[in-house]
Amino acid sequence: MNFLKKIHRSIKHEKRHVRLDWMVALTLLILLVLSCMMVYSASMIGNKYGTFTSGVPVSETYFLQRQTIWAVLAYAMFLIFSVAIPFEVFKDKRVLKNGFIIMLILLFIPLLMPAINGAKSWIRIGGLSFQPSTLSQLFIIMYMAYILETRKDKLRQICTSSELLQIFGIPLSLVTLIAVQNDTGMMLITLSVIGIMTFCSNMHSQNVKKILSLALIAGVAVLMLFMLKSALFSSGTSYRTNRLKVFLNPFSEDLAAAADQVINSYVAFGNGGLFGRGLGNSIQKLGYLPEAHTDFILAIIAEELGFIGVLFVVSLLLIIIGKVIFSGTKSRNTFSAMYSLGFASLLIVQGVVNIGGVTASIPMTGVPLPFISNGGSSILILSIGLGIATNILAHVKYLRSNKK
């Protein structure tokens, strides 16, 4: 009860919580509208033939309806977390303790469910699906920011490896559960975010080296275990090995089936040219790109809206990332600074991994394009995370205006 009263007083007496950054709000709105538009365009024809629904024909607006509902909910949550909930709530020890328990439960449940594309990372209830690892990423960023603020005096001194493992045990335990789910892309992105937050913190350089070394060793060990598992228990070439081979040589005759996505993505970019074929006129969405509305939606954007359309989408993402980084660099407390930099790094890494996979600049990992790809849990969690960052931005502006 005292905790709720504290929140109420914070909302009532601090005007900064109602100062929404309209550039961030408008940019997110444009991204979500564009997401619904492109998801519809990428899936409307395939839906008639069940291309994206395991051969079961559905309405051409099937994914549009679902994406619109999630987009409206995501934007509403963005506004709530931007103007109604102070970011200080998320560095409360009780909130983080209960959040950790919830994360453990949510990450354990998918292990009891059937694998999808080799990974057990989804919770499916009826027609609804949710990927808890996306929520765990946001929680890890919060907890890392909490650690870097509350233990900063300790971390400015040289710590032993065992002490560092004790301090960062909770984030690393969640990353371990993500690794057990066999979701390599999500695990590597999360480790990258932890590494970036560690590098940007004010801890002793020796501690930074030890943490990065431990993360690197853990990542390599997990990858080796996956490779060993594939070699011992899989007949033929594994899904992950095929992706690596496609990256090295997508035009190999031995990889004709596995390389279809990448090659057709190339074709989509080539067809689009500078200005695109026009909205709704993509050829590659006619069954050539199996994940046209999800992981490879950027290829459809490139084909229909051209290179100009791709630049527009990337520019919108860079505006949001720039605003979040600004709030972090100008913040006066460690938690808000580290949270903002951590969330910005999540958007950057996830965006780079998706764009890199679509263009075969890096191996495919099945990571969605932030705020654009079809997927309710992704846009909802990212919108909540952006709402918290926007609340921090309002705090920064409030303090800067009072200083003047």
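None of these values were measured; they are calculated from a predicted model.
- By the 4.5 Å heavy-atom criterion applied to side chains, L347 and I320 are counted as neighbours.
- In this structure the side chain of C36 reaches within 4.5 angstrom of the side chain of L64, judged on heavy atoms.
- With K154 contributing its side chain and C159 its backbone, the two residues share no donor-acceptor pair below 3.5 Å.
- Aromatic pair Y146/Y143: centroids less than 6.0 angstrom apart.
- For residues 274-285, every residue pair satisfying the side-chain hydrogen bond (donor to acceptor under 3.5 Å, both in side chains) rule, not counting sequence neighbours, is listed here: S41-K285, N264-Q284, S282-E303, K285-E304.
- Residue-environment remark: CD (Q206) exceeds the threshold of 12 foreign heavy atoms within 6.0 Å.
- Annotation: side chain of Q137 is not in contact with side chain of I381 (no heavy-atom distance under 4.5 Å).
- Side chain of Q181 to main chain of L107: a donor-acceptor pair is present (N/O by atom type, distance under 3.5 Å, no hydrogens or angles).
- Among all heavy-atom pairs drawn from P132 and P110, the shortest one is CG-CG, 3.7 Å.
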Report task. Show your working on side chain to side chain contact (heavy atoms under 4.5 Å, CB included) between I45 and E60 and close with a plain yes or no. Result -> CA-CA 6 Å; I45 296 177; E60 66 178 25; over 6 Å; no
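- For the atom pair I300 CD1 and T294 OG1, the distance stands at 10.0 Å (nearest 0.5 Å).
- Atoms OG and CD1, from S315 and I30 in turn, are 11.5 Å apart once rounded to the nearest 0.5 Å.
- Of all non-hydrogen atoms in T390 and S82, the two that sit nearest each other are CB-OG, 3.6 Å.
- Taking the side chain as every heavy atom from C-beta outward, S378 and W70 never approach each other to under 4.5 Å.
- Atom-to-atom distance recorded for L138:CG and T134:OG1 is 9.0 Å, nearest 0.5 angstrom.
- Remark: C200 pairs with I196, M338, L341 by the side chain to side chain contact (heavy atoms under 4.5 Å, CB included) rule, at least two apart or across chains.
- The distance from the CD atom of E149 to the OG atom of S336 is 7.5 Å, given to the nearest 0.5 Å.
- Atom CG of L386 is separated from atom CZ of F343 by 5.0 Å, given to the nearest 0.5 angstrom.
- Between N391 and I85, the shortest heavy-atom contact is ND2-O, 3.4 Å.
- Nearest heavy atoms, A74 versus I379: CB-O, 3.7 Å.
- Closest non-hydrogen pair, R94 versus D92, comes out as N-OD1, 2.9 Å.
- Side chains of I297 and N374 form no contact here, defined as non-hydrogen atoms less than 4.5 Å apart.
- Expressed to the nearest 0.5 Å, how far CG of L172 lies from OG1 of T190 amounts to 11.0 Å.
- Contact record, I141 with G342: CD1-O, 3.6 Å, taken as the closest heavy-atom pair.
- The side-chain heavy atoms of I194 and T198, taken from C-beta on, include a pair separated by under 4.5 Å.
- For residues 337-355, the pairs satisfying side-chain hydrogen bond (donor to acceptor under 3.5 Å, both in side chains) are S327-S340, with sequence neighbours left out.
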Query raised in the report: Which is it for N333 and H395 under the side chain to side chain contact (heavy atoms under 4.5 Å, CB included) test, yes or no, and what are the steps along the way?
Result: CA-CA 11 Å; N333 69 81; H395 182 206; 4.1 Å; yes
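- Ring planes of F139 and F100: parallel class, angle under 30° (limits at 30 and 60°).
- When the shell of 6.0 Å around CZ of F130 is examined, it contains more than 12 heavy atoms from other residues, nucleotides or ligands.
- No side-chain heavy atom of L135 sits less than 4.5 Å from a side-chain heavy atom of I102.
- In this structure Y75 satisfies the ring pair (Phe, Tyr, Trp, His ring centres under 6.0 Å) test together with F78, sequence neighbours excluded.
- Evaluation of the ring pair (Phe, Tyr, Trp, His ring centres under 6.0 Å) rule for F90 yields F81 as partners, not counting sequence neighbours.
- Residues satisfying the ring pair (Phe, Tyr, Trp, His ring centres under 6.0 Å) test with F335, not counting sequence neighbours, are none.
- For the side-chain contact (heavy atoms from CB on, under 4.5 Å) criterion with S265, the lone passing option out of D295, L298, V358 is V358.
- Looking only at side-chain heavy atoms (C-beta outward), V353 and S192 stay at 4.5 Å or farther from each other.
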